[in-house]
Amino acid sequence: MILSDLRGHLESRLRAALGEDKSEFILLQAPKNREHGDLALACFMLAKAESTAPPKIAARIAAEFEADEIIEQASAAGPFVNFKYRRAALARSAIEGILRQEAPFGPSPASGKSIVIDFSSPNIAKPFHIGHMRSTVIGAALRRIHLYLGAEVHGVNHLGDWGMPFAKMMTAYMRWGEADKLAEQPMRYMFSLYIRYGKEAAQDPSLDKEAAVHFKNLETGEDNEERKLWQFLRDESLKAFQGPYDRLGVSFDHITGESFYEDKMAGAMDRVIKAGVLTESEGAGVVDLKDQGIKVPCILRKSDGTTLYHTRDLAAAFYRLETFAPDRMLYVVGSEQKLHFQQLKAMLVKMGEPLAKKIEHVPFGLILAKNPDSGKWEKFASRGGNAIFLDEVLDEAVANVRRIIEAKNPDLTNKEEVAEQIGVSAIVFNDLKNGRIKDVKFDWDTMLSFDGETGPYVQYAYARLSGILQKSEAPEEVDSLLENLDYELLADAEDVLLTMHEFSGCMQRAAEQSEPSVITNLMIKVAGEIHSYLHEHHVLRAEEATKKARIALVAASRQLISTGLGLIGVAAPDEM
RNA sequence: GCGCCCAUAGCUCAGUCGGAUAGAGCACUGGAUUUCUAAUCCAGCGGUCGGAGGUUCGAGUCCUCCUGGGCGCGCCA
């Protein structure tokens, strides 16, 4: 049994030394300046609790602290106590933990937690454009992160396959559509009809009324024309979406769109009525939320009797609660829909449903395009037809990678495969690099730049490590790799090792805050430290014992980067 | 008008529960390669953390107000 959790070890020692009642004041933090130490305890709060001066407490804790097999020393510096790990313990815990794939470096055993993640959720009969990417890659990353942490995860693609947007498509087709063109290229053809609808509906409001009728027919009819068209377009859309999903390496546990709840909405409405919160307003069925601090009521039934987004989300929430018994229900949906989820939660609170507490909206920023005339960043308007299709972006990135490969590594064997991996990854990585709430400024130069903090930068570190490992002819088997290893010889790798130890905390934070960028940034940091280390320390030319130790370090770094990139959905080719 | 989000280096962004001297990348300048892959590394340049108050031993981080930008605000999703 190895001890991977060095911080936990120090924490429990301090709790034992200071008393359990002080445990809330034991806040360990890595000093910004690593020269101070590996972990620091700020004594301000302890000092307050004992009403003495912080430096005094710090001095006392440092003096009374006895070194052990993990902690080499504790030293007071003003109001701080700085702790330093033994370098061998630091190296051993990270390298063995990673190579043996023991939690927290490896996958955790089943936690018993169940988590539903609603993500991607594109509207059917529309092309998969750049705007759909964020929910898709953020949600997919969260799904993998929670799986790694041992949760039972239900990733749901809540397709927009019901309601008015689809009714509008239908209206356009029924007015202007031609069957043979639809059969030829369904998605492209429907998109052109959709743009036409947008233009004509702006002039002629009767189109929307017509759409409402079609929706009513769809929702009430059984085997009518609307239903057949709906089935056809849904099937075609799913086929078409598989392309981007495959390229992005995204998978779902359930593909259940809004239509899935068609027969579950009546039950949900019954619960609303039973809870006594449904009222009539201008012919519609609404739940007033003023007492919940929300001015806008929630409409569940339109005056023509048809359902809405809220009705389906309510039915979906009940269904998921009963089917998956989740601890958390995450909705990876753009920040512009914040009010919607506030209303959904408020409505459930008003109904007295504890389910409300489980619902978490995971909002993210918009993708903005630079207006060439004004120079301002603006939202992409898909209706205006200036949407950028995801395939277009990925193709462009891949083409750029091809050029770079020809320039830098023309002898690479599987160029096309690697170009696809690196190109697609660069786009995904770029999306998951910044905090999800930030708007993404879509800029071709940034998107296609592969220097510095980018996917290829991390992949390059991985490829270098792979190359060294291959040339080393080291055994693949972990036990022999670690046999008779002198960890003292890795004291010069302390920066890499300390960063490796951040993995566990980053995973927790990424999961709790639904923030995959934490992992992305850790990978940049690990890759940077590896690049620096390899520059200054030769592995294969080192003296035998040192070489053995460094090979283990290389193998562990490679494994950790592989894990991290895997979690955010970025490929790790061995050569590039 | 009301509500929510954002504002940190020229640009794009990190900054963990409030803790020591605010960090990266890009761009720019200079340097490193008979190489385990230079898609790399090292150094330099660059800051009124949007502004003003407040809380605190301590604020980029918390509170209030203001400014600028974005998003949203009943039968769309």
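Lettering follows sequence order; numbering is per chain, from 1.
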For this session: Classify the side chain of Asn82(A) versus the base of A20(B) as yes if they form a donor-acceptor pair under 3.5 Å and no if they do not.
Result: yes
Exercise. What's the closest nucleotide to the His535(A) side chain, out of A14(B), C75(B), C41(B)?
Worked result: C41(B)
Problem set entry | Separation between the P atoms of G25(B) and C62(B), rounded to whole Å | 27 Å
For this session: Quote, to the nearest angstrom, the P distance that separates G3(B) from G47(B).
Result: 37 Å
Exercise. Do you know which of Val496(A), Asp495(A), Thr499(A), Thr520(A) makes side chain to side chain contact (heavy atoms under 4.5 Å, CB included) with Lys525(A)?
Worked result: Thr499(A)
Exercise. Around atom CD of Glu280(A), are there more than 12 heavy atoms of other residues, nucleotides or ligands at under 6.0 Å?
Worked result: yes
For this session: Identify which nucleotide among C6(B), C71(B), U40(B) has an atom closest to any side-chain atom of Leu366(A), counting heavy atoms from C-beta outward.
Result: C71(B)
Problem set entry | Distance test, side-chain N/O of Ser532(A) to OP1/OP2 of C42(B), below 4.0 Å | yes
Exercise. Where the side chain of Phe450(A) is defined as all heavy atoms beyond and including C-beta, which of A77(B), A39(B), A20(B) is the nearest nucleotide?
Worked result: A39(B)
Exercise. Has His340(A) got its ring stacked on A77(B), by the test of a centre gap below 5.5 Å and a plane angle below 30°?
Worked result: no
For this session: Figure out the CG/P separation between Leu278(A) and C75(B), and round it to whole Å.
Result: 17 Å
Problem set entry | Residue whose nearest RNA chain B nucleotide is more 5′ - Ser335(A) or Lys295(A) | Lys295(A)
For this session: For the pair Asn414(A) and Leu412(A), evaluate side chain to side chain contact (heavy atoms under 4.5 Å, CB included) and give the outcome as yes or no after the intermediate values.
Result: CA-CA 6 Å; Asn414(A) 48 344; Leu412(A) 186 66; 4.3 Å; yes
Seminar exercise, completed: Winner on side-chain proximity to Tyr457(A), out of A20(B), U40(B), C75(B), is U40(B)
Exercise. Under 6.0 Å between ring centres, would you say that holds for His531(A) and Tyr457(A)?
Worked result: yes
Exercise. More 5' along RNA chain B: Gly528(A) or Ala463(A), using each one's nearest nucleotide?
Worked result: Ala463(A)
Seminar exercise, completed: Looking only at C17(B), G70(B), C75(B), the nucleotide nearest the Glu282(A) side chain is C75(B)
Exercise. Say you draw a straight line from NE2 of His310(A) to CD of Gln343(A); how long is it, rounded to the nearest 0.5 Å?
Worked result: 4.0 Å
Seminar exercise, completed: Scanning all shown strands, the Watson-Crick or wobble mate of U64(B) with both distances under 3.5 Å is A52(B)
Exercise. Taking the side chain of Ala40(A) as heavy atoms from C-beta outward, which of A77(B), A20(B), A7(B) is closest to it?
Worked result: A20(B)
Exercise. Are the ring centres of Phe80(A) and His36(A) closer than 6.0 Å?
Worked result: no
Exercise. Mind checking the P distance from C66(B) to A43(B)? Whole angstroms is fine.
Worked result: 45 Å
Exercise. Is the ring centre of Phe80(A) under 5.5 Å from the base ring centre of G19(B), and are the two planes under 30° apart, so that they stack?
Worked result: no
Problem set entry | Verdict with reasoning, Ser466(A) to Arg558(A), per side-chain hydrogen bond (donor to acceptor under 3.5 Å, both in side chains) | CA-CA 7 Å; Ser466(A) 296; Arg558(A) 180 174 174 273; 2.8 Å; yes
Exercise. Whom does U16(B) pair with, Watson-Crick or G-U wobble, provided both distances fall under 3.5 Å?
Worked result: none
For this session: Look at the side-chain N and O atoms of Gln29(A) and state whether any lies under 4.0 Å from the OP1 or OP2 oxygen of G19(B).
Result: yes
For this session: Can you tell me, in whole Å, how much space there is between the C1' of G51(B) and that of U12(B)?
Result: 24 Å
Exercise. Considering only the P atoms, how many Å lie between U21(B) and G60(B), rounded to the nearest integer?
Worked result: 11 Å
Exercise. Taking the side chain of Ile437(A) as heavy atoms from C-beta outward, which of C6(B), A20(B), G19(B) is closest to it?
Worked result: C6(B)
Problem set entry | Syn/anti label of C57(B) as read from its glycosidic torsion, with the cut at 90° from 0 | anti
Exercise. Is Arg541(A) near enough to C36(B) that one of its side-chain N or O atoms lies under 4.0 angstrom from OP1 or OP2?
Worked result: yes
For this session: Could you work out which one of G72(B), G74(B), G15(B) sits closest to the side chain of Leu339(A)?
Result: G72(B)
For this session: Just name whichever nucleotide pairs with C71(B), Watson-Crick or G-U, keeping both distances under 3.5 Å, else none.
Result: G3(B)
Exercise. What integer number of Å spans the P atoms of C13(B) and C71(B)?
Worked result: 16 Å
Problem set entry | Distance test, side-chain N/O of Lys438(A) to OP1/OP2 of A14(B), below 4.0 Å | yes
For this session: Assign the ring pair His537(A) / Tyr533(A) to parallel, tilted or perpendicular, where the plane angle (0 to 90°) is split at 30° and 60°.
Result: parallel
Exercise. Quantified in whole Å, what is the C1' atom distance between nucleotide C45(B) and nucleotide C57(B)?
Worked result: 36 Å
Seminar exercise, completed: Quick note, Lys32(A) side chain, CB onward, closest among G74(B), A20(B), C75(B) is A20(B)
Problem set entry | Interatomic distance, Trp162(A) CH2 vs C76(B) P [rounded to whole Å] | 16 Å
Exercise. When you compare G69(B) with C76(B), how far apart are their C1' atoms, in angstrom units rounded to a whole number?
Worked result: 26 Å
Problem set entry | Heavy-atom donor-acceptor pair, Glu453(A) side-chain to C13(B) base, under 3.5 Å | no
Problem set entry | Asp451(A) side chain, from C-beta outward: closest of A39(B), G74(B), C75(B) | A39(B)
